[in-house]
Amino acid sequence: MNLNELIKRFLLYLEKEKNYSHHTIKSYREDLNIFLHFMNKEGFYEIQNIDFTALRGFVASLYDKNYSKSTIERHISSLKSFFKYLVKNNYIKENPARQLRYPRKEQKLFNVFNIDDIFLLLSKPNKNSASGIRDALILELLYAAGLRVSELCSLNLSDIDFQGKRLRVLGKGKKERIIPLSDYHLDLIKEYLEKRKDICKGKTIKEPCLLINRFGGRLTDRSVRRILERYLKLSGLPIVFSPHSLRHTFATHLLENGADLRTIQELLGHSSLSTTEKYIHLNLSKLLEVYDKAHPKAKDKH
């Protein structure tokens, strides 16, 4: 069957049966049109003539055009979804896209605060105002509890157990975990709750959320990022740091101070220990970097 017609049917399937968003369908259409153009140029018009070698030639052309790895990964993902649909609907018997491999991702180094910088950052909010106390609480919970920014914003008052000195967090996949809180953080939360109405100037607080904006609604991810950026600037620290940098710093500092990986895994809410193990690899990389720069024996090429 004609490749162009099958792409149209696939896109209609995504719209009518999968209820994908307009933006997602547009992305698939753009990717598959590039694929269609390449295949037609190479003389492949019928789906039965397209095998793994042809697909590999298309992927190679993306590398030749210096597409980024993330863009190539997206193109391959689009192909895999398209050919899976073709097999499922009996347009073809074998799936040649199944053998395609995604580009190997380069391991990104995390931005991690050192102890002095994190203490400087945490000291910057002015706790004489309600918004300053809220901002201090935001920074403290990102660092001291290792929360994702989405987890922070979704916290409700009912998630705080003052008597048990702990915080209930709903993470990815609606997986619940418990984070211990110190007396300092519990006192900061109490102080914030006493004054938080001043943030919205007496307006009704619409939700049972912990962190509110000036309209009395739930604080958003974007707002937290703006708040962090403001205090980074006040501290003279690079704005490359993000809320996730505080989470990485939380894990790294625990590791450096002797916490075991299983404990860190539980506190971070990682479903797999291998995800947590990346902190060991990056920590060792940092140690070797410091050694190479500072130790006199580094010149011996150990």
Open item on the list: I want to check something: taking the side chain as every heavy atom from C-beta on, are F250 and I264 in contact at a cut-off of under 4.5 Å?
Closed with: no
Open item on the list: Could you check whether R247 and Y143, counting side-chain N and O atoms only, form a donor-acceptor pair closer than 3.5 Å?
Closed with: no
Task: Test side chain to side chain contact (heavy atoms under 4.5 Å, CB included) applied to P208 - qualifying residues, sequence neighbours left out - done: N156
TODO: Would you mind telling me which of H23, H22, R29 makes a side chain to side chain contact (heavy atoms under 4.5 Å, CB included) with I25?
DONE: R29
Task: pair T71-L62: side-chain heavy atoms closer than 4.5 Å - done: no
TODO: Please examine the side chains of L193 and L210, heavy atoms only from C-beta on, and report whether any two atoms are closer than 4.5 Å.
DONE: yes
Task: I178 and D161, any side-chain heavy atoms less than 4.5 Å apart - done: no
- [ ] Decide yes or no for L32 and L79: does some side-chain heavy atom of the first lie under 4.5 Å from some side-chain heavy atom of the second?
- [x] yes
Open item on the list: With no hydrogens and no angle check, just 3.5 Å: does a side-chain donor-acceptor pair link S78 and S81?
Closed with: no
Open item on the list: Check this for me, if you would: do K124 and D135 make a salt bridge, where the nitrogen-to-carboxylate-oxygen distance has to be below 4.0 angstrom?
Closed with: no
- [ ] Classify the angle between the aromatic ring planes of Y85 and F82 as parallel (below 30°), tilted (30 to 60°) or perpendicular (above 60°).
- [x] parallel
Open item on the list: Using a 6.0 Å distance limit plus a 45 degree cone around the ring axis, check whether K80 lies over the aromatic ring of Y102.
Closed with: yes
- [ ] Would you check if R177 and E266 make a side-chain contact, meaning some heavy-atom pair closer than 4.5 Å?
- [x] no
Task: Nearest heavy-atom neighbours spanning L55 and P96 - done: CD1-C, 3.7 Å
- [ ] Answer yes or no: does atom CD of E46 have more than 12 heavy-atom neighbours from other residues, nucleotides or ligands under 6.0 Å?
- [x] yes
